[in-house]
Enquirer: 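Structure incoming, see below.
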Amino acid sequence: MGTKRVAVITGANGGLGFAIACRLLDTIPSSVPLTIVITARHLRKVVETIGRLRAYAKGRDLLTFDYVLLDLTSVASISEVSNQLLSRYTHIDYLFCNAGGGDFTGIDWPAAFVEVLSNLKDAVTHPHFKVERIGRVSRDSLGWVFQMNVFANYFFMKQISTLLSGGGRVILISSIESRIAHDFDPEDIQLLHSDQPYVDSKKSLELLHAAIAKRWADELGVLIYITHPGICQTSIFAEYLNFLTTFGMLCLFYIARWIGSPWHVISAYKGALAPVWAAVDAVPEADPVDGVTYASASDRLGRCYVKRTEDVTDEDRKNGAILLQELDKLALNSLERIKLETA
Amino acid sequence: MSRPALTRPLRSEKFGLERTDPLRWRLKTDKVGRLNWAYIRDDDELKRHPQTPYEKHVLGLETGLSEFPKAETPYDAALNGLRFFKELQLDKGLWACRYGGPMFLLIGVIAAHYLTKTPVPEEWKIEIIRYLTNSAHPIDGGWGLHSEDKSTVFGTACNYVVIRLLGMPPDHPVAVKARTTLHKFGGAVGCPHWGKVFLSILNLYEWDGVNPVPPDLWVLPDWVPVHPGKWWVHCRQVYLPMGYLYSEKVKAPLDPLLESLRSELYTTPYDSIDFSKHRNNVSEIDIYYPHTKILNFVNSAMVICEKFFRPDWLKKKAKDVVVDLIRKENQNSDFLCVGPINNVLNAIVVFCEEGPDSKNFLRHKERFADFMYISEEGMLMMGTNGVQCWDTSFALQTICTIGAGDLPEFRETVKKGLEFLDNSQFTENCVPGSYRDNRLGCWPFSTKDQGYTVSDCTAEALKAVLMVQKLPHVETLISDERIYPAIDVLLSLQNRGSFSPGSFASYEKIRGPPLLELLNPAEVFGNIMVEYPYVECSDSVVIGLSYFRDHSSYRRDEVVRAINDAVAYIKSEQDVNGGWYGSWGICFTYAAMFAIEALSYQGEVYANSEVVRKGCHFLAKRQEADGGWGESYRSCETLTYVPHEQSQVVNTAWACLALMLAEYPDVEVIKRGIRLIMSRQQPNGEWKQEGIEGVFNRSCMIEYPNYKFYFPIKALGMFAKKYSNASL
């Protein structure tokens with residue numbers, strides 16, 4: 001019997017989060033006591049998710065579930081959830097920062113047609129036709145998308161860093177789409193003026209990683225891996241598609257895979273490969289945290305593997321440092337505000 | 001965001017809130033265990049009635065009870081615990097307790113006072129505001145469904161209204177914080193159904209924004225599957241008066257305070273809100289059991305029917321039927337009703353039907369106080385009018401189990417306890433046509449007046465009576481002839497046929513199909529529409545009947561068959577990993593204790609029963625490093641074992657009792673648990689309050705403060721008797 005392991009998965013009710021949980025159950029031997037902490041915004045989703053995971057785990061004996069209700073767009077919520085975790089656990093082995101999202105308004109159909117016809121592979125890998133709303137502000141008066149996808153993850157990690165230190169791993173989830181992000185703009189760190197804040201926030205997450213991965217590994221013993229799931233069919237964009245367009249999208253995904261796109265893993269379970277591999281199987285000496293992105297990829301037959309890319313530039317590191325400085329400042333402000341509010 | 005434990009100093013003190021003099025509170029009771037807290041203004045009366053240790057204990061005052069040298073052996077520890085606990089017994093023989101937890105009750109009693117223009121006593125106002133201040137979420141200032149819950153729209157909207165109606169100004173920091181949180185949630189339009197009903201009664205919401213509660217269903221022939229007579233008793237008794245209020249659109253006259261509240265509860269001006277569009281608007285934070293599509297369809301259909309196709313004669317007929325049933329419920333329960341929600345709703349109906357000075361309404365007014373309980377943190381409203389019989393039964397069983405019943409120092413305790421159970425047994429059935437089963441000879445959960453038996457309450461009281469009356473010095477008060485009718489009822493309550501045969505449900509036999517759950521409109525509770533089979537209820541009945549089987553040959557064959565069938569059901573409910581889900585206590589440790597006790601009475605123990613072995617392994621694997629067990633209320637919500645932040649004395653006692661009853665071979669495991677229980681005992685023999693102990697409807701937690709006394713005492717005493725009383 002191994003020692004007890006604790007995994008926290010944010011947004012475990014969603015497609016990729018749920019797949020990560022399933023994959024974790026398949027990867028960690030059943031002789032190891034495992035606790036999976038679900039985070040979701042609402043209890044109903046927690047109950048549903050745990051029910052589905054129990055069914056998936058088929059009576060696995062040494063498996064415990066727990067939950068915290070977490071709203072990434074509220075620093076107060078993150079702070080409280082962190083305190084709950086600190087009071088319940090002595091260590092956390094894996095933190096999957098999976099939850100996130102964008103403020104999409106729909107699809108620019110004419111642009112989509114043009115793109116798909118002119119370059120199918122790119123069009124379904126990092127499309128330009130998903131329309132995002134500009135300038136949404138959170139209740140904490142931060143850029144909403146920036147807060148959810150970048151700042152929240154950093155703030156959460158920081159708040160529970162004592163639980164992670166000495167071997168804990170953080171798995172950040174980026175996206176292939178970050179390749180079409182705008183250049184980092186130090187004047188618009190919160191992405192309030194960006195016309196694609198979701199895409200840009202994923203780039204920012206990578207910059208953040210470039211800025212902290214080495215330091216956290218050296219100073220805290222926390223390994224932060226950045227991964228992306230490739231392209232899979234998840235709920236993040238589902239509300240803008242109907243039965244027919246979903247089917248169309250799936251067809252295009254398969255075509256893209258057949259003509260050689262390594263990123264079209266398509267199923268969420270396959271997309272969860274890189275994140276779970278990084279958490280459980282990656283060996284720090286061979287699989288460094290700094291400067292490498294680990295992605296779920298697939299060959300033409302749908303056989304999955306972890307694909308590395310090493311394309312962090314000096315420019316990225318410089319920008320990462322600027323971003324980090326801003327995040328630290330925001331974290332400090334947030335803590336002060338929470339302290340004031342609870343006084 | 002669940003909430004951190006209560007901290008000292010209390011928040012009410014930090015805000016400098018007014019408080020009453022704790023030395024002036026007295027708990028009045030009668031021979032059937034009515035609990036009324038009275039605030040004594042007269043100094044002479046105060047002197048005549050010095051505060052009892054129980055009153056001091058509940059109010060957080062020094063009890064002045066003696067301290068003991070530290071117990072070395074489990075038996076000494078058990079006796080010290082019992083010495084403390086016996087001092088909490090009331091002079092009528094019962095143990096009282098605060099039965100708090102649910103945070104959606106106060107709105108009911110305050111709305112009933114407000115609408116009927118019944119003044120709320122000053123001391124209540126002060127203490128309710130204190131309680132709500134102290135139980136507000138420390139960060140966002142809101143309230144949830146129960147005292148450990150995250151803030152929800154339901155809890156926050158309802159309790160905000162309460163503090164405002166009781167006189168807290170809108171600019172008080174407590175009110176401001178709660179209101180800000182409510183607005184952050186989108187305002188009171190996102191209230192679940194019951195919240196919308198209460199707000200509508202207070203004229204703070206519009207009835208056309210409330211999903212239908214058609215009283216007309218009561219007019220259907222009894223055999224129709226959706227007839228409310230087939231619903232779970234709590235559900236049908238709540239929707240009965242709610243149907244009247246909905247159909248008659250009862251609401252308090254608007255006044256300046258309500259006008260002001262209308263502007264405080266919503267994020268947009270009241271008059272600009274189209275309430276009919278918010279029927280199905282329920283905050284995601286609140287939902288535990290979402291509407292089914294069928295329910296939404298039925299609701300929409302009913303709204304249309306009500307507008308266009310509901311003849312006046314039907315409305316009138318439905319009203320007559322409902323009022324008649326409400327009168328019967330009041331009569332059967334002496335105006336206490338099955339729970340605090342239908343209690344206050346029935347009071348409003350009686351007020352509307354019979355007027356403010358009617359005898360019936362006056363009786364209702366007297367009964368409001370039976371639900372109000374004072375505590376260190378202020379005044380709360382209880383989930384029933386108490387836990388009198390349930391607690392007293394377990395207290396007596398504990399004393400007998402550990403062999404303390406013969407000790408001179410506990411003889412009087414046992415005698416008085418038995419007298420209370422003697423006084424509490426039902427002596428008559430309900431009036432005909434109440435949709436109620438026989439109750440003659442049974443025992444209640446709370447009091448005889450309240451009039452409801454639960455299968456397990458009768459069984460556990462029965463066991464207590466039989467145990468106590470076997471003691472040599474105890475005079476038999478309850479003859480076998482008086483016990484036979486209880487056996488008759490228990491046998492009649494067993495489910496047969498298609499609904500979980502062999503099992504026992506709570507108040508009644510299962511009458512309707514579980515498919516009715518598809519119409520569950522409450523949004524915040526699961527499993528409320530019909531009776532369900534419960535492992536613990538079935539366990540208790542098996543335990544009670546097993547005791548009876550060894551005591552008398554009355555209806556022997558049927559008793560044995562009932563036991564066998566129930567045991568088969570209990571076994572079938574075990575999870576693959578060996579656990580049983582507990583529906584009334586938190587959670588798997590609770591159910592394991594009951595299930596294994598029931599099996600142990602059939603001679604099934606670790607050595608010879610695979611089911612018991614699996615049950616033991618389930619527990620043993622979940623023992624914490626400190627030797628204890630601790631289970632979070634999140635177990636109940638998620639249907640899986642979720643550990644608590646710390647080991648809990650109560651869970652540890654349950655787990656140890658289960659393992660001892662199972663004759664679990666690794667005594668060291670049990671010993672470590674016993675050691676933890678001893679280490680938490682205070683010098684005066686008590687254990688301090690830890691996490692909340694009980695639950696109902698999966699999502700609402702409720703306090704059983706006496707569990708931390710009698711279960712640890714029982715575990716310690718049983719260990720000493722079964723294994724060794726050597727120093728640990």
Side-chain angles (χ1 to χ4, degrees), chain A residues 1 3-4 6 30 33 35-55 57-71 73-90 138-140 337-343, chain B residues 1-5 7 11 14 137-141 144-145 149-152 173 177 180-181 183-185 282-291 523-524 526 575-579 588 614 617-618 621-622 624-625 630-632 634-646 698-699:
Chain A
M1 200 163 104
T3 50
K4 183 176 147 185
V6 180
S30 57
T35 298
I36 299 182
V37 185
I38 306 289
T39 94
R41 267 178 305 164
H42 308 302
L43 178 59
R44 175 160 68 105
K45 292 192 172 139
V46 168
V47 174
E48 259 169 39
T49 307
I50 292 179
R52 283 161 61 207
L53 280 175
R54 278 179 71 200
K58 287 194 208 76
R60 177 173 171 144
D61 196 19
L62 301 160
L63 173 64
T64 308
F65 292 101
D66 194 358
Y67 76 84
V68 284
L69 296 182
L70 174 65
D71 178 359
T73 63
S74 156
V75 286
S77 167
I78 295 175
S79 156
E80 193 179 352
V81 161
S82 304
N83 289 336
Q84 287 168 4
L85 292 175
L86 286 162
S87 71
R88 291 183 204 166
Y89 297 98
T90 51
S138 75
R139 217 174 266 127
D140 290 334
R337 231 190 47 219
I338 293 164
K339 217 165 128 189
L340 269 179
E341 277 174 13
T342 49
Chain B
M1 295 199 231
S2 63
R3 69 194 51 225
T7 50
R11 231 161 321 143
K14 286 197 210 156
H137 193 284
I139 293 169
D140 63 31
L145 184 68
D149 196 15
K150 78 266 170 206
S151 298
T152 63
K177 208 165 187 184
T180 310
T181 292
H183 285 197
K184 202 178 80 195
F185 293 153
V282 185
S283 149
E284 280 279 353
I285 307 159
D286 288 59
I287 294 183
Y288 184 79
Y289 191 91
H291 286 185
E523 294 137 1
V524 292
D575 276 355
V576 279
N577 58 9
F588 288 87
K614 273 169 73 183
H617 292 154
F618 176 88
K621 278 177 191 156
R622 283 158 182 81
E624 300 292 336
E631 231 184 321
S632 161
R634 300 189 298 283
S635 291
C636 307
E637 294 171 335
T638 61
L639 286 76
T640 63
Y641 187 104
V642 181
H644 198 284
E645 284 80 344
Q646 283 98 32
R698 294 192 177 171
S699 58

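To find a chain, count down the sequence lines: A is the first, B the second, and so on, and within it residues start at 1.
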Enquirer: Based on non-hydrogen pairs under 4.5 Å, which of B:N577, B:D286, B:V576, B:I285 is most in contact with chain A?
Expert: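 Greatest number of close heavy-atom pairs with chain A: B:I285.
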Enquirer: Answer with side chain, backbone, both or neither: which region of A:R60 has an atom nearer than 4.5 Å to a non-hydrogen atom of chain B?
Expert: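 Interface part for A:R60: neither.
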Enquirer: Given a strict heavy-atom distance threshold of 4.5 Å, which part of B:D575 is in contact with chain A: side chain, backbone, both, or neither?
Expert: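 Looking at B:D575, just its side chain touches chain A.
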Enquirer: How are the rings of B:F618 and B:Y641 set to each other: parallel, tilted or perpendicular (split at 30° and 60°)?
Expert: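 Ring orientation, 0 to 90° scale: perpendicular.
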Enquirer: In terms of heavy-atom proximity below 4.5 Å to chain B, should A:V46 be classed as side chain, backbone, both, or neither?
Expert: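 Contact with chain B is through the side chain of A:V46 alone.
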Enquirer: Distance only, no hydrogens: is a donor on one side chain within 3.5 Å (strictly under) of an acceptor on the other, for A:Y89 and A:D66?
Expert: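 Judged by distance alone, the side chains do pair up.
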Enquirer: Are more than 12 heavy atoms from other residues, nucleotides or ligands located less than 6.0 Å from atom CZ of A:R44?
Expert: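 Counting neighbours around CZ of A:R44, more than 12 heavy atoms of other residues, nucleotides or ligands fall under 6.0 Å, so yes.
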Enquirer: Do the side chains of B:D140 and B:K184 get close enough for a salt bridge, i.e. N-O under 4.0 angstrom?
Expert: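 No, no charged N to carboxylate O under 4.0 Å.
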